[in-house]
Amino acid sequence: MPGTAPAAGTQAPARTAAVWAALQPVVAAGTPLQVLDVGGGSGMFAVPLAQLGHDVTVVDPSADALATLQRRADTAGVADRVRAVQGDADRMPTPAGGAAFDLVLCHFVLEVVDDPASTLRQIAGVLRPGGQLSLASANRAGAVLARAISGHPVEARALLTDEDPAPRRSRPARRRFGPAELLDLVSGAGLQPGDWRGVSVVADLLDAASGADPDAVRALELALAATSPYRDIATALHLLATRP
C-alpha cells in the first residue's frame, strides 16, 4: 500500500522540498501509478516513488547511475517496482504493461538534450490523457545571481544574455531557462502548464557551516517557492503540466 510521501515531510531535503510538495497530491492519492523518470539516474525520486507503491521506469544514459539505482531499489525492497532502461531522452519507452504513463518526471534534462521542444513533444506522446508531467530546470536568474555572489561578475553577465559563461571549456554549456520560456515550451508540446514555483530559493545560497536549522530552511523554502519575487531568483524552476 502506498505510504506517506517524503515530499512535504521532514525527510525531504530542503533543496527539493518544493518539488516533493508539488508532487504530493499526485503520488500520495493511494492509486498506483505508472511513472517514467527521464534522466532519473541513481533514483533520487524513483526509489521513494516505488516505496509509495508506484511502478517506475527510469531512462538514463549512464550505466553506472542505473547500477546505483538498482542497488538502492534492492536495499529499499522495491526492485520489483523499478525498471532501469539505458538510453537517451530522445527515445521514450512505454510502461511495462503497455498503454501510457500516468506521470513523467523530467528533472534537469532539458538543459542537455539536443532539442528541448522535441523532448517535450515525445513526453506528451507517452502520457495518457489526464496524465501529468513534472518538469524541473535550471533557472537563468538564479544562475546569474549565484555567479555574481561567488565573485564572477563577467560570467554572471554572460548568463544574463544566455551566453556560455566559460566558452573555452571542452563540453557544451548547459541551458538555463526563464519561466516564460519554460511555459512556452510546455504549451508548444500540447500540454497544459500549471503554476510554476522556485526550487531552492535559499538553500543553495546558505553555507554548509551556517548552522541554519534544516527543518527551518525546508519550511522557508516551501513558503517562498510560489511567491514572487523570491521564486524568481531560485536555483531552479518547477511546474506540473497536464496532457488534455
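In this chain, residues are counted from 1 in sequence order. What you see is a predicted model, and the numbers here were worked out from it, not measured in a lab.
When side chains are defined from C-beta on, Thr119 does not count as touching Pro116, because their heavy atoms never get closer than 4.5 Å. Side-chain contact between Arg175 and Val113 is present, with heavy atoms from C-beta onward closer than 4.5 Å. When side chains are defined from C-beta on, Val38 counts as touching Val104, because their heavy atoms get closer than 4.5 Å. In this structure, the side chains of Gln86 and Asp60 stay at 4.5 Å or more apart for every pair of heavy atoms. Annotation: side chain of Pro48 is in contact with side chain of Trp20 (closest heavy-atom distance under 4.5 Å). At least one side-chain heavy atom of Arg218 sits less than 4.5 Å from a side-chain heavy atom of Pro214. In this structure, the side chains of Val47 and Leu69 come closer than 4.5 Å at one or more pairs of heavy atoms. By the 4.5 Å heavy-atom criterion applied to side chains, Arg197 and Leu239 are not counted as neighbours.
Within the model, atoms CG of Asp232 and CG of Asn139 stand 8.0 Å from one another, a figure rounded to the nearest 0.5 Å. Distance check, rounded to the nearest 0.5 Å: CG of Leu159 to CZ of Arg140 gives 8.5 Å. With rounding to the nearest 0.5 Å, the separation of CD in Gln122 from CG in Asp115 is 9.0 Å. The CG atom of Leu103 sits 8.0 Å away from the CG atom of Leu133 when rounded to the nearest 0.5 Å. Here the CG atom belonging to Leu36 is positioned 7.5 Å from the CG atom belonging to Leu105, to the nearest 0.5 angstrom. Taking CD of Gln192 as the start and OG1 of Thr242 as the end, the distance is 7.5 Å to the nearest 0.5 Å.
The 12-atom threshold is exceeded at CG of Asp80, counting heavy atoms of other residues, nucleotides or ligands nearer than 6.0 Å. More than 12 heavy-atom neighbours from other residues, nucleotides or ligands sit within 6.0 angstrom of CG on Asp74. Enclosure of atom CZ in Arg157 is not indicated, since only 12 or fewer non-hydrogen atoms of other residues, nucleotides or ligands lie within 6.0 angstrom.
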From CA spacing to verdict: side chain to side chain contact (heavy atoms under 4.5 Å, CB included), Leu66, Thr68: CA-CA 5 Å; Leu66 293 177; Thr68 300; over 6 Å; no
Is there a side chain to side chain contact (heavy atoms under 4.5 Å, CB included) between Leu23 and Phe45? Walk through the geometry before answering. CA-CA 11 Å; Leu23 285 172; Phe45 280 85; 4.1 Å; yes
Run the side chain to side chain contact (heavy atoms under 4.5 Å, CB included) check on Leu224 and Arg231 step by step: do they pass? CA-CA 6 Å; Leu224 299 178; Arg231 64 176 181 169; over 6 Å; no
Would Val82 and Gln70 satisfy side chain to side chain contact (heavy atoms under 4.5 Å, CB included), going step by step from the backbone distance to the final call? CA-CA 8 Å; Val82 176; Gln70 291 177 317; over 6 Å; no
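A salt bridge links Glu155 with Arg147: the closest approach of a Lys/Arg side-chain nitrogen to an acidic carboxylate oxygen falls below 4.0 angstrom.
Under the 4.5 Å side-chain heavy-atom criterion for ILVMFWY residues, a single connected hydrophobic cluster contains both Met92 and Val85. Grouping the Ile, Leu, Val, Met, Phe, Trp and Tyr side chains by contacts below 4.5 angstrom, directly or via other members, places Tyr230 with Val202. Residues Leu127 and Leu240 are members of separate hydrophobic clusters, defined by side-chain heavy-atom contacts under 4.5 angstrom among Ile, Leu, Val, Met, Phe, Trp and Tyr. Taken together through direct or relayed side-chain contacts under 4.5 Å among Ile, Leu, Val, Met, Phe, Trp and Tyr, Ile123 and Val27 form parts of separate hydrophobic clusters. Two different hydrophobic clusters hold Ile233 and Trp196 under the rule that ILVMFWY side chains link at heavy-atom gaps under 4.5 Å.
A donor-acceptor pair under 3.5 Å is formed between the side chain of Arg81 and the backbone N or O of Ala50. Although no hydrogens or angles enter the test, the distance criterion places a donor-acceptor pair under 3.5 Å between the side chain of Glu111 and the main chain of Ala138. Asp102 places no side-chain N or O within donor-acceptor distance of the main-chain N or O of Gly131, the cut-off being under 3.5 Å.
Residues Ala143 and Arg176 come closest through the heavy atom pair CB-NE, 3.8 Å. When every heavy atom of Ala124 is checked against every heavy atom of Ala189, the shortest pair comes out as CB-O, 3.5 Å. The shortest non-hydrogen separation linking Leu237 to Phe177 is CD1-O, 3.6 Å. Of all non-hydrogen atoms in Val186 and Leu135, the two that sit nearest each other are CG2-CD2, 3.5 Å. Closest approach of Leu33 and His54 over heavy atoms only: N-ND1, 2.9 Å. The shortest non-hydrogen separation linking Val59 to Gly87 is CG1-O, 3.6 Å.
Counted by atom type alone, Thr75 and Arg72 present zero donor-acceptor pairs between their side chains at under 3.5 Å.
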